[in-house]
Amino acid sequence: MSCQPERPARCCIGAFVGLGFGVLVGTLFALGFIPVMINAVFAAFSLGSLILAMLVAASSGCNPAMLRCLRKRFPCLLTGVVGTVLLTLTSMVIPLDPASALVAAIVAAAAFFFAYMITELIMLISCAVNEGCAFKDGRGC
(Lines give C-alpha, C1' and ligand atoms only; values in the text may rest on other atoms or scores of the structure.)
Protein backbone atom coordinates (compact mmCIF):
# COMPACT_ATOMS: atom_id res chain seq x y z
CA MET A 1 0.00 0.00 0.00
CA SER A 2 1.36 3.38 -0.94
CA CYS A 3 0.86 6.51 1.14
CA GLN A 4 1.65 8.98 -1.65
CA PRO A 5 -0.94 11.79 -1.97
CA GLU A 6 -1.43 11.05 -5.68
CA ARG A 7 -2.35 7.42 -5.04
CA PRO A 8 -5.80 6.03 -4.22
CA ALA A 9 -4.56 4.94 -0.78
CA ARG A 10 -3.72 8.52 0.24
CA CYS A 11 -5.58 8.23 3.54
CA CYS A 12 -3.60 5.28 4.86
CA ILE A 13 -1.54 7.14 7.47
CA GLY A 14 -4.68 8.53 9.10
CA ALA A 15 -6.33 5.11 8.93
CA PHE A 16 -3.39 3.41 10.65
CA VAL A 17 -3.21 6.04 13.39
CA GLY A 18 -7.00 5.93 13.82
CA LEU A 19 -7.05 2.15 13.99
CA GLY A 20 -4.45 2.05 16.73
CA PHE A 21 -6.14 4.82 18.71
CA GLY A 22 -9.61 3.31 18.26
CA VAL A 23 -8.50 -0.11 19.47
CA LEU A 24 -6.72 1.42 22.46
CA VAL A 25 -9.62 3.65 23.53
CA GLY A 26 -12.22 0.93 22.91
CA THR A 27 -10.29 -1.57 24.98
CA LEU A 28 -9.64 0.86 27.83
CA PHE A 29 -13.29 1.92 27.85
CA ALA A 30 -14.56 -1.67 27.84
CA LEU A 31 -12.28 -2.51 30.77
CA GLY A 32 -13.56 0.48 32.72
CA PHE A 33 -10.35 2.54 32.71
CA ILE A 34 -12.05 5.57 31.13
CA PRO A 35 -14.94 6.33 33.51
CA VAL A 36 -15.97 9.80 32.28
CA MET A 37 -16.19 9.23 28.54
CA ILE A 38 -18.94 11.80 27.93
CA ASN A 39 -16.45 14.68 28.36
CA ALA A 40 -14.26 13.27 25.60
CA VAL A 41 -17.34 12.73 23.43
CA PHE A 42 -18.38 16.37 23.80
CA ALA A 43 -14.84 17.54 23.06
CA ALA A 44 -14.62 15.36 19.94
CA PHE A 45 -18.01 16.58 18.73
CA SER A 46 -16.99 20.20 19.27
CA LEU A 47 -13.70 19.78 17.42
CA GLY A 48 -15.40 17.95 14.57
CA SER A 49 -17.95 20.72 14.17
CA LEU A 50 -15.24 23.38 14.31
CA ILE A 51 -13.11 21.61 11.70
CA LEU A 52 -16.17 21.24 9.45
CA ALA A 53 -16.77 24.99 9.67
CA MET A 54 -13.10 25.64 8.95
CA LEU A 55 -13.25 23.36 5.90
CA VAL A 56 -16.18 25.32 4.51
CA ALA A 57 -14.35 28.61 5.10
CA ALA A 58 -11.08 27.35 3.61
CA SER A 59 -12.73 25.93 0.50
CA SER A 60 -14.38 29.26 -0.25
CA GLY A 61 -11.09 31.17 0.05
CA CYS A 62 -8.72 32.15 -2.70
CA ASN A 63 -5.38 30.92 -1.32
CA PRO A 64 -3.97 28.73 -4.13
CA ALA A 65 -1.75 26.69 -1.81
CA MET A 66 -4.68 25.85 0.47
CA LEU A 67 -6.92 24.99 -2.47
CA ARG A 68 -4.30 22.61 -3.92
CA CYS A 69 -3.96 20.89 -0.58
CA LEU A 70 -7.71 20.73 -0.10
CA ARG A 71 -8.01 18.96 -3.44
CA LYS A 72 -5.58 16.34 -2.16
CA ARG A 73 -6.80 15.94 1.42
CA PHE A 74 -10.49 16.90 1.34
CA PRO A 75 -12.03 13.41 0.92
CA CYS A 76 -9.96 11.98 3.76
CA LEU A 77 -10.59 14.89 6.10
CA LEU A 78 -14.30 15.03 5.32
CA THR A 79 -14.61 11.30 6.03
CA GLY A 80 -12.98 11.80 9.42
CA VAL A 81 -15.13 14.82 10.27
CA VAL A 82 -18.43 13.23 9.27
CA GLY A 83 -17.59 9.97 11.04
CA THR A 84 -16.56 11.82 14.19
CA VAL A 85 -19.64 14.02 14.28
CA LEU A 86 -22.11 11.19 13.58
CA LEU A 87 -20.59 8.73 16.05
CA THR A 88 -20.21 11.30 18.81
CA LEU A 89 -23.84 12.30 18.31
CA THR A 90 -24.73 8.63 18.62
CA SER A 91 -22.63 8.40 21.78
CA MET A 92 -24.44 11.40 23.27
CA VAL A 93 -27.90 9.85 22.99
CA ILE A 94 -27.09 6.39 24.38
CA PRO A 95 -26.01 5.64 27.95
CA LEU A 96 -22.25 5.04 27.94
CA ASP A 97 -22.14 1.77 29.87
CA PRO A 98 -18.76 0.02 29.56
CA ALA A 99 -20.41 -3.36 30.13
CA SER A 100 -22.13 -3.20 26.74
CA ALA A 101 -20.10 -4.49 23.80
CA LEU A 102 -22.13 -2.38 21.36
CA VAL A 103 -21.39 0.81 23.30
CA ALA A 104 -17.69 -0.10 23.48
CA ALA A 105 -17.69 -0.64 19.70
CA ILE A 106 -19.35 2.75 19.11
CA VAL A 107 -16.83 4.46 21.38
CA ALA A 108 -13.95 2.69 19.59
CA ALA A 109 -15.32 3.73 16.19
CA ALA A 110 -15.73 7.33 17.37
CA ALA A 111 -12.14 7.28 18.65
CA PHE A 112 -10.99 5.89 15.29
CA PHE A 113 -12.67 8.66 13.34
CA PHE A 114 -11.46 11.32 15.79
CA ALA A 115 -7.81 10.25 15.45
CA TYR A 116 -8.29 9.92 11.68
CA MET A 117 -9.71 13.47 11.53
CA ILE A 118 -6.89 14.97 13.60
CA THR A 119 -4.21 13.15 11.57
CA GLU A 120 -5.71 14.34 8.30
CA LEU A 121 -6.00 17.90 9.64
CA ILE A 122 -2.30 17.85 10.56
CA MET A 123 -1.47 16.54 7.08
CA LEU A 124 -3.59 19.28 5.47
CA ILE A 125 -1.86 22.00 7.48
CA SER A 126 1.54 20.50 6.70
CA CYS A 127 0.69 20.41 2.99
CA ALA A 128 -0.52 24.02 3.03
CA VAL A 129 2.66 25.19 4.75
CA ASN A 130 4.87 23.26 2.32
CA GLU A 131 2.90 24.41 -0.74
CA GLY A 132 2.76 28.00 0.45
CA CYS A 133 6.48 28.09 1.16
CA ALA A 134 7.60 26.74 -2.21
CA PHE A 135 9.26 29.53 -4.16
CA LYS A 136 9.85 29.43 -7.90
CA ASP A 137 13.61 29.03 -7.44
CA GLY A 138 13.08 25.87 -5.35
CA ARG A 139 14.00 27.20 -1.92
CA GLY A 140 11.60 26.91 0.98
CA CYS A 141 10.62 29.31 3.75
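The analysis underlying the following values was restricted to heavy atoms, covering all of them including side chains, and did not include hydrogens, waters or symmetry mates. Throughout, numbering of the chain's residues begins at 1 and tracks the sequence.
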Could you pull out every donor-acceptor pair under 3.5 Å between side chains of residues 54-62 and any protein atom, sequence neighbours left out?
from: S59; atom 1: OG; to: L55; atom 2: O; distance (Å): 3.1
from: S59; atom 1: OG; to: V56; atom 2: O; distance (Å): 3.0
from: S60; atom 1: OG; to: V56; atom 2: O; distance (Å): 3.4
from: S60; atom 1: OG; to: A57; atom 2: O; distance (Å): 3.0

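Between the T88 side chain and the V85 main chain, a donor and an acceptor come within less than 3.5 Å of each other. Remark: the backbone N or O of I122 is not paired with any side-chain donor or acceptor of S126 at under 3.5 angstrom. Although no hydrogens or angles enter the test, the distance criterion places a donor-acceptor pair under 3.5 Å between the side chain of T84 and the main chain of F113.
Considering every non-hydrogen atom in both G22 and A111, the closest pair reads CA-CB, 4.0 Å. What you find for A65 and A128 is that their closest heavy atoms are CB-O, 4.2 Å. The two residues A104 and A30 have their closest heavy-atom pair at CB-CB, 4.0 Å. When every heavy atom of F29 is checked against every heavy atom of P98, the shortest pair comes out as O-CB, 3.2 Å. Between F112 and L19 the shortest heavy-atom distance is CD1-N, 3.3 Å. When all heavy atoms are compared, the tightest approach of M92 to I38 is CA-CD1, 4.4 Å.
A distance of 5.0 Å separates CG in L124 from CE in M66, rounded to the nearest 0.5 Å. Rounded to the nearest 0.5 Å, atoms CD1 (I106) and CG (L96) are 9.0 Å apart. Note: L77 CG to K72 NZ = 15.0 Å, rounded to the nearest 0.5 Å. A distance of 14.0 Å separates CG of L47 from CZ of F42, quoted to the nearest 0.5 Å.
Of the options N39, T27, L28, a side chain to side chain contact (heavy atoms under 4.5 Å, CB included) to I34 is made by L28 and by none of the others.
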Step by step, would you call L78 with L52 a side-chain contact (heavy atoms from CB on, under 4.5 Å)? CA-CA 8 Å; L78 188 64; L52 184 61; 4.1 Å; yes
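Identified under the side-chain hydrogen bond (donor to acceptor under 3.5 Å, both in side chains) test for residues 103-123, with sequence neighbours left out: R73-E120.
With hydrophobic clusters built from ILVMFWY side chains whose heavy atoms lie under 4.5 angstrom apart, L70 does not share a cluster with L50.
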